[in-house]
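Inspection log for the structure reproduced underneath, given as structure tokens.
Predicted model, so just to flag it, every value in this text is computed and none were measured. Residue numbering restarts at 1 for every chain, and letters A, B, ... go by the order of the sequence lines. Side-chain atoms are counted along with the backbone in the values below, which use heavy atoms only and exclude waters and symmetry mates.
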2 protein chains.
Amino acid sequence: MTADSGSTRRRGAALEADILDAVWEELAAVGYARLTMEGVAARARTGKQVLYRRWPNRAQLVKAALPHRFGTIVDQVPDTGELRADVLGVLRLMAERQRDMGSDVVVGLLGEAPELDPTTFGIMQDVTRTLLERAAKRGEIATADLPARVITVPAALLRYEMMLSRTSIEDHVLVEIVDEVFLPLVGRADTPEARTSGGDGTGL
Amino acid sequence: MTADSGSTRRRGAALEADILDAVWEELAAVGYARLTMEGVAARARTGKQVLYRRWPNRAQLVKAALPHRFGTIVDQVPDTGELRADVLGVLRLMAERQRDMGSDVVVGLLGEAPELDPTTFGIMQDVTRTLLERAAKRGEIATADLPARVITVPAALLRYEMMLSRTSIEDHVLVEIVDEVFLPLVGRADTPEARTSGGDGTGL
DNA sequence: GTCGATTAGAGACGCACCGTCTCTAAAGGA
DNA sequence: TCCTTTAGAGACGGTGCGTCTCTAATCGAC
């Protein structure tokens, strides 16, 4: 639906942008599982060869469409002055993205692109570490010097949830991850026993 | 490689068992991504129709092959008298299974079988709860009455790790999940600050 | 033991999509 | 203006899907 580019023949970056838009529309129309190179080419009004000249396969094509649509998450990290709100904000960003792109994209990509992992998934560790360091500087937590395993917990739990559920993630899940797991783990000053019984996590 | 069944025509349960064995061999030979119905049929020396008569698609077929190979995990839950060893034991069981079936099976199944989740994945919550209740009864932890979100943490983190990594999970990852995340969360009596700096988790 | 219902084994079939290849002509730079 | 690049279009062989058809082996009923 990129409106123009009606009659003239597109090239280079402009063509590429149209193609990635088409990927996005195709994703919305049929989902990742039934997205085909031919479908994308048709929607972008171009030939398959044009696609294959740029990306070796479906997974790489879709992977390229994501930042084209979203930009990097690093530019959108919240800074509210409170750790809980920061982490929750980041998780909400992730959930929102997944809602936009359809629930089967992440697991689909993962299944097809073994080499996808490090760049795409490693970023969240840096983001979370940044939030922790800010919180430590504010005195909100004792130290940001936590094991990588702990730092990656919120993103890992959320992504696991995303991969399992075909539907979009409800907000209370994010709240639970933060309040029942992450904050207790990082030892935030004012929530030592926030997790006594089976609360539904919607409080606060 | 089920040895016999050389000349006579198989039927019913015996045939089914041979097919599921063939699935397993095919999985080992080519991995989930390149496993085909035709390949399985050929290896089991039968026709595709025999497969389709029993399972509607590849995902269901493979899903059926897993318990045929492994049995249910519920029958193998360890009971060592110590929470840490119990949880670690269960995680090792999961990791071992994944090592056996190939790293791409879980994510592959997940991508193709939306309806797979609840039965297959929900079991770990009950297992972990059982371990916690035993520990509580022993007085090792204050209470087993923890939020579901916390109880599912170890299995969730491990499965996330399994889905990301193409290779098999190293044992120190399991140790980290238990020592740096799970035990601190359930508030085990004797490990209040086991998580000061970036320990490698191999201790003990 | 014979008969009838079931279903295994084998393969052909049309279909969808893959990834490659070829060709013409439009675009853009020198 | 010419020349290089490459878009747009489609054909191609190949693979695997899921369906369908046919023969004959097997099993249960009697």
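- In the set D:dT21, C:dT20, D:dG16, D:dG16 carries the atom at the smallest distance from any side-chain atom of B:Thr36.
- More than 12 heavy atoms of other residues, nucleotides or ligands lie within 6.0 Å of CD in B:Glu133, so this atom counts as buried by the packing criterion.
- In this structure, the CE atom of B:Met37 is 16 Å from the C1' atom of C:dG11, given to the nearest Å.
- Side-chain atoms of A:Leu15 lie closest to D:dG8 of the nucleotides D:dG8, D:dC20, C:dC17.
- With hydrogens and angles ignored, a donor-acceptor pair under 3.5 angstrom links the side chain of B:Arg53 to the base of C:dA8.
- For B:Arg10, a side-chain nitrogen or oxygen approaches OP1 or OP2 of C:dG9 to under 4.0 Å.
- For A:Asp179 and A:Arg84, the salt-bridge test passes: some basic side-chain N is under 4.0 Å from an acidic carboxylate O.
- For a distance-only test at 3.5 Å, the side chain of B:Arg11 qualifies as a donor-acceptor partner of the base of D:dT26.
- When heavy atoms are screened at a 4.0 angstrom cut-off, B:Arg54 is found touching the sugar-phosphate backbone but no base atom.
- Heavy atoms from other residues, nucleotides or ligands lying under 6.0 Å from CZ of A:Arg34 number 12 at most.
- Between the P atom of D:dT6 and the CZ atom of A:Arg9 lies a distance of 13 Å, rounded to the nearest Å.
- Summarising the geometry, the separation between CD on A:Glu112 and P on C:dC18 is reported as 10 Å, rounded to the nearest angstrom.
- Remark: P of D:dT19 and OH of B:Tyr52 are 7 Å apart, rounded to the nearest angstrom.
- For A:Thr8, whose side chain is taken as the heavy atoms from C-beta onward, the closest listed nucleotide among D:dC20, D:dA7, C:dA27 is C:dA27.
- Residue A:Leu35 contributes atom CG, which lies 13 Å from atom C1' of C:dC18 at whole-angstrom precision.
- By the 4.0 Å N-to-carboxylate-O rule, A:Lys63 lies too far from A:Glu112 to be salt-bridged with it.
- Ranking C:dA8, D:dG16, C:dC18 by closeness to the B:Thr46 side chain, first place goes to C:dA8.
- Atom CG of A:Leu51 and atom C1' of C:dC18 are 13 Å apart (whole Å).
- Closest-nucleotide positions on DNA chain C for A:Gly39 and A:Gln49 were compared, and the one nearer the 5' end corresponds to A:Gly39.
- Counting only heavy atoms from C-beta outward, the side chains of A:Thr128 and A:Phe182 approach each other to under 4.5 Å.
- In this structure, the CG atom of A:Asn57 is 10 Å from the P atom of C:dC18, given to the nearest Å.
- With hydrogens and angles left out, the side chain of A:Lys48 and the base of D:dG10 share no donor-acceptor pair within 3.5 Å.
- A:Glu38 places its CD atom 8 Å from the C1' atom of C:dA16, with the value rounded to the nearest Å.
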